[in-house]
> 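Below are the structure tokens for one structure; questions will follow.
Hydrogens, waters and symmetry mates are skipped; everything else that's a heavy atom, side chains included, is used.
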Amino acid sequence: RQQSPRKSESTSKVSTGTGFFINRNGHIVTNHHVIDSCGSIYVKEFGPARVIASDKNNDIAILKVNSGPSIFAKIRGTQKVNLGETVAVYGFPYTGTLSQDGNLTEGNVSALSGLENDIRMFQISAPVQPGNSGGPLLDSSMNVIGVVTAKLNAIAVAKATGDIPQNVNFAVKSDILKSVLEVNGITFNQ
């Protein structure tokens, strides 16, 4: 979990999001929108972090702390993700309100593309809340297959269609994440 202070004109705001380590070197994956406009970034139990790489178009950011943990996430190899595959989302939604130890929710890959057929994304049915952004999308073996990035705006859809959508959430595919890591020379395990 990371906390990102955001500076405003007269007050300092703190926002939170989720991130996950991908190696022992202290590299953390999160979303660009989690760290965008932050004056400083602090990772709970690991201290200050700096931005190593950020890809606004794909909503990926790579952070670095001085030393990483001995346990870190592994990214799924070349095995194809299937429609209907069981997935889990881990993160820290509603920080300060829900569990400080994190939340794990399950669902399925609902579509192999995101909003408007965006092939960089998966649509997932696992519940996602504010604060889950930047967290891992995990397969049944707990390998990363994506990075949680957004949920459908239920109010806007309800106004437009008269129906409230349920569990329509999105994650950036791990292939996009791997590309960002490789371009920036950051090691990861599969």
> Transitively linked via ILVMFWY side-chain contacts under 4.5 Å: F122 with F170?
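Looking at the clustering, F170 is in a separate group from F122.
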> Is the CG atom of N66 crowded by more than 12 outside heavy atoms at less than 6.0 Å?
no
> Within the side chain of E85, is there an N or O that forms a donor-acceptor pair under 3.5 Å with the backbone of N82?
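Indeed, once roles are kept as given, a pair shorter than 3.5 Å links the two residues.
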> Is D55 reaching over with its side chain to a backbone N or O of D59, donor-acceptor style, under 3.5 angstrom?
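No; judged by distance alone, with no hydrogens or angles, the pair does not exist.
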> How long is the span from the OG1 atom in T149 to the CG atom in L137, to the nearest 0.5 Å?
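The OG1 atom of T149 sits 11.5 Å away from the CG atom of L137.
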> How about F20 and Y90: are their ring centres within less than 6.0 Å of each other?
no
> Is there a donor-acceptor pair under 3.5 Å between the side chain of D139 and the backbone N or O of S141?
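Here the side-chain-to-backbone pair exists.
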> Counting distance only, does the side-chain N/O of N169 pair as donor-acceptor with the main-chain N or O of A126 below 3.5 Å?
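It does hold such a pair.
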> If Ile, Leu, Val, Met, Phe, Trp and Tyr residues are connected whenever their side-chain heavy atoms lie under 4.5 Å apart, and connections chain through other members, are I41 and V34 in the same group?
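Yes, one cluster joins them.
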> Can you tell me how far the OG1 atom of T105 sits from the CG atom of N103, to the nearest 0.5 Å?
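Nearest 0.5 Å value for the OG1-CG distance: 7.5 Å.
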> State whether R120 and D118 are salt-bridged, where the test is any N-O pair (Lys NZ or Arg NE/NH1/NH2 against Asp/Glu carboxylate O) under 4.0 Å.
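Yes.
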> Hey, does the side chain of N184 reach the backbone of I186 with a donor-acceptor pair shorter than 3.5 angstrom?
no
> Checking the side chain of T86 only, and the main-chain atoms of S140 only, is there a donor and an acceptor separated by less than 3.5 Å?
no
> Mark yes or no for whether T18, through its side chain, and G131, through its backbone, hold a donor-acceptor pair below 3.5 Å.
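Yes, the answer is positive, given that a donor and an acceptor are paired below the 3.5 Å cut-off.
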> State, with a plain yes or no, whether a side-chain heavy atom of S113 is found less than 4.5 Å away from one of M121.
no
> Keeping K56 on the side-chain end and D36 on the backbone end, is there a donor-acceptor pair under 3.5 Å?
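Absent.
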> Would E182 and F188 satisfy side chain to side chain contact (heavy atoms under 4.5 Å, CB included), going step by step from the backbone distance to the final call?
CA-CA 9 Å; E182 289 168 356; F188 59 93; 3.8 Å; yes
> Does one hydrophobic cluster hold both V87 and V89, with members joined at side-chain heavy-atom distances below 4.5 Å?
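Yes, it is one cluster - the side chains of V87 and V89 are joined through contacts under 4.5 Å.
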> Decide whether L138 and I145 are clustered together by the hydrophobic rule: side chain heavy atoms of Ile, Leu, Val, Met, Phe, Trp, Tyr closer than 4.5 Å, transitively.
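Different hydrophobic clusters.
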> Can you establish whether the number of heavy atoms outside L104 located under 6.0 Å from its atom CG is more than 12?
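Yes - once you tally the heavy atoms of other residues, nucleotides and ligands closer than 6.0 Å, there are more than 12.
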> When you measure from the side chain of K178 to the backbone of K173, do you find a donor-acceptor pair of N or O atoms at a distance under 3.5 Å?
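Not at all, since once roles are kept as given, no pair shorter than 3.5 Å links the two residues.
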> Would you confirm whether S125, through its side chain, and N108, through its main-chain N or O, come within 3.5 Å as a donor-acceptor pair?
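Yes, because the side chain of S125 sits within donor-acceptor range (under 3.5 Å) of the backbone of N108.
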> For I28 and I22: C-alpha separation, side-chain torsions, deciding distance, then whether side chain to side chain contact (heavy atoms under 4.5 Å, CB included) applies.
CA-CA 6 Å; I28 301 168; I22 51 150; over 6 Å; no
> Taking the side chain as C-beta and beyond, is there a heavy-atom pair between T187 and N25 under 4.5 Å?
yes
> Please answer: with hydrophobic residues joined when any side-chain heavy atoms are less than 4.5 Å apart, are V168 and I124 in the same cluster?
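Hydrophobic grouping puts V168 apart from I124.
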